Amino acid sequence: MPELPEVEVVRAGLQRHVAGRTVSQVEVLHPRAVRKHVPGAADFAARLTGRRFDAARRRGKYLWIELDGSADAVVAHLGMSGQMLVQPVGAEDETHLRVRVRFADDGPELRFVDQRTFGGLALTELVAQGSGLLPVPIAHIGRDPLDPEFDLAAGVAALRGRRTEVKRALLDQTLVSGIGNIYADEALWRTRLHWARQTAGLTRAKAGELLEAATEVMREALVAGGTSFDALYVNVNGQSGYFDRSLAAYGQENRPCGRCGTAIIREAFMNRSSFSCPRCQPRPR
DNA sequence: ATGGGCTCCTGATGGC
DNA sequence: TGCCATCAGGAGCCCA
């Protein structure tokens, strides 16, 4: 379940292992992996071949690698189960290997592995936004809280401007990006807010507290996740070490709340699970 | 415009 | 052992 911290670990790995290298061959093993590349798999492979990877960048849960210092980039989203692996040429194919990229230096190849194929790659143009360049398909999403140019007041205003439940707003990538189901539940727990609270009823201060909690929990996860990847794997499995260890609410059904000891409950919301403490995070009436 | 529900996909798990 | 239901869930898409 890669959310921002996990994706950032992948980005750092890409920067380290594939930046500066020239693509010699691209193999698309599953067409769905490049479905966002409208001209199709053959076009994707042809246009990527011969290009040099430059900087690996990220916004929210999206990654992209700039090409040749040009106005093009390969954009990637890991979806629910995507992984970027750096493997020696000749290593056995993973069961869910979807795209293979080989390099002119004959060094380790880059593999996009994705069991459930919610993720994917595409070649797109970059457009200017703010002080940088952004791939066209993600120009609509908001800055994430770890972006140096993230504007907390603007994020608060965006959240409070919605007439909906606070968790739905947190998960809306157009307002603030990078927050998924896990970190949304953790931020709500830290802020003692029930997921069904209406955004419009939140004070500026409370909304600010919520976004700061989300930022903090993602920073902590990044520190934990960043320590756990080995030289060959850009990311082991899309999860950080933080995932198992330090979650206070997510996945903790029936376990005692770390603050008050009340059993954490699980409720269905937006076709997924929300975990909360019924005492610290009372449901709105 | 905006809120909100549906759907894509595969594999693990649990109940009977 | 087999079979079915449920769950995991990001985000694009569609409809009211």
Side-chain angles (χ1 to χ4, degrees), chain A residues 1-11 28-38 58-64 75-84 93-99 112-122 124 134-144 157-188 195-202 214 218 221 235 237-240 243-244 247 249-254 264-276 284:
Chain A
M1 302 110 210
E3 296 186 24
L4 185 154
E6 293 76 22
V7 178
E8 173 56 23
V9 170
V10 174
R11 186 209 62 76
V28 176
L29 294 108
H30 195 309
R32 213 179 122 74
V34 294
R35 67 193 181 284
K36 298 280 171 57
H37 188 81
V38 178
R58 180 190 59 73
R59 172 169 290 192
K61 304 168 200 170
Y62 286 88
L63 290 164
W64 67 96
V75 183
H77 195 287
L78 303 178
M80 157 60 191
S81 54
Q83 299 167 262
M84 290 286 191
D93 286 3
E94 290 76 9
T95 306
H96 303 294
L97 178 61
R98 308 304 189 200
V99 179
F112 177 65
V113 176
D114 187 11
Q115 180 205 119
R116 294 171 65 185
T117 69
F118 283 4
L121 310 179
T124 70
L134 220 53
V136 173
I138 68 171
H140 67 288
I141 75 170
R143 287 189 190 276
D144 64 65
L159 279 188
R160 295 177 75 237
R162 281 297 167 101
R163 293 293 174 271
T164 189
E165 300 97 338
V166 64
K167 183 165 178 184
R168 190 185 294 279
L170 270 186
L171 295 177
D172 184 339
Q173 305 295 301
T174 64
L175 305 179
V176 171
S177 67
I179 303 171
N181 201 39
I182 297 167
Y183 297 106
D185 277 5
E186 293 301 303
L188 289 165
W195 50 264
R197 288 280 297 273
Q198 288 291 308
T199 48
L202 299 181
M218 291 195 292
N235 179 21
N237 56 8
Q239 300 180 352
S240 71
F243 192 82
D244 324 330
L247 297 176
Y250 185 85
Q252 307 300 306
E253 187 177 18
N254 294 328
I264 297 287
I265 57 168
R266 181 169 75 105
E267 298 168 284
F269 173 63
M270 288 175 77
N271 276 336
R272 65 197 63 181
S273 294
S274 283
F275 298 89
S276 61

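Each chain gets a letter, A, B and so on, in the order the sequences are listed, and its residues count up from 1. Given the structure is predicted, the values throughout are model-derived calculations rather than measurements.
- Across the protein-nucleic acid pair, A:Leu78 atom CG and B:dC9 atom C1' stand 16 Å apart, rounded to whole Å.
- Within the 4.5 Å cutoff, the side chain of A:Thr124 has no heavy atoms near those of the A:Trp64 side chain.
- Of all non-hydrogen atoms in A:Gly180 and A:Glu3, the two that sit nearest each other are N-OE1, 2.9 Å.
- Put simply, the side chain of A:Gln198 does not reach to within 4.5 Å of the side chain of A:Pro284, judged on heavy atoms.
- For the residue pair A:Ser273/A:Arg266, the side-chain donor-acceptor check at 3.5 Å is satisfied.
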**Study point:** Chi angles and distances behind the side-chain contact (heavy atoms from CB on, under 4.5 Å) call for A:Val7, A:Tyr62
**Key:** CA-CA 7 Å; A:Val7 178; A:Tyr62 286 88; over 6 Å; no
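- We find that A:Arg32 and A:Asp114 are not joined by a salt bridge, their nearest charged nitrogen and carboxylate oxygen being 4.0 Å or further apart.
- Summarising the geometry, the separation between NZ on A:Lys167 and C1' on C:dG10 is reported as 13 Å, rounded to the nearest angstrom.
- Here the CD atom belonging to A:Gln252 is positioned 14.0 Å from the CD1 atom belonging to A:Ile265, to the nearest 0.5 angstrom.
- In this structure, A:Glu253 atom CD and C:dC7 atom P are separated by 10 Å, rounded to whole Å.
- For A:Leu171 and C:dA8, the CG to P distance is 14 Å, given to the nearest whole Å.
- In the set B:dC8, C:dG10, C:dA8, C:dG10 carries the atom at the smallest distance from any side-chain atom of A:Glu3.
- A:Glu165 is linked by a side-chain hydrogen bond (donor to acceptor under 3.5 Å, both in side chains) to A:Arg168, counting only residues two or more places apart in sequence or in another chain.
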Every protein N/O lying under 3.5 Å from an N/O of nucleotides 2-6 of chain B:
unit_1, atom_1, unit_2, atom_2, d
B:dG3, OP1, A:Arg163, N, 3.2
B:dG3, OP2, A:Arg162, NE, 3.2
B:dG3, OP2, A:Arg162, NH1, 2.7
B:dG4, OP2, A:Thr164, OG1, 2.6
B:dG5, OP2, A:Arg168, NH2, 3.2

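- When the C1' atom of C:dC7 is taken as reference, atom CG of A:Asn181 falls 12 Å away, rounded to whole Å.
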Exercise for review: Test salt bridge (Lys or Arg N to Asp or Glu O under 4.0 Å) on A:Asp185 and A:Lys167 and set out the steps.
Suggested key: CA-CA 8 Å; A:Asp185 277 5; A:Lys167 183 165 178 184; 2.7 Å; yes
**Study point:** Pairing annotation in dot-bracket form, given for DNA chain B with Watson-Crick or G-U pairs under 3.5 Å and | for cross-strand partners
**Key:** .|||||||||||||||
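- No donor-acceptor pair closer than 3.5 Å links the side chain of A:Ser177 to the backbone N or O of A:Ile141.
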For nucleotides 10-13 of chain B, tabulate all protein N/O to nucleotide N/O atom pairs closer than 3.5 Å, reporting atom names and distance.
unit_1, atom_1, unit_2, atom_2, d
B:dT10, O2, A:Gln115, OE1, 3.2
B:dT10, O2, A:Arg116, NE, 3.4
B:dG11, OP1, A:His96, NE2, 3.4
B:dG11, O4', A:Gln115, OE1, 3.1

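- Between the OH atom of A:Tyr183 and the CG atom of A:Leu247 there is a distance of 7.0 Å, given to the nearest 0.5 Å.
- Scanning both residues, A:Ala184 and A:Leu171, for their nearest heavy atoms gives CB-CD2, 4.0 Å.
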Please list each protein N or O that sits under 3.5 Å from an N or O in nucleotides 12-16 of chain C, with the distance.
unit_1, atom_1, unit_2, atom_2, d
C:dG12, OP1, A:Tyr62, OH, 2.5

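- Not counting sequence neighbours, the partners of A:Ala187 by the side-chain contact (heavy atoms from CB on, under 4.5 Å) test are A:Leu210, A:Ala213, A:Ala214.
- Atom pair A:Arg266:CZ and C:dC7:C1' shows a separation of 8 Å (rounding to whole Å applied).
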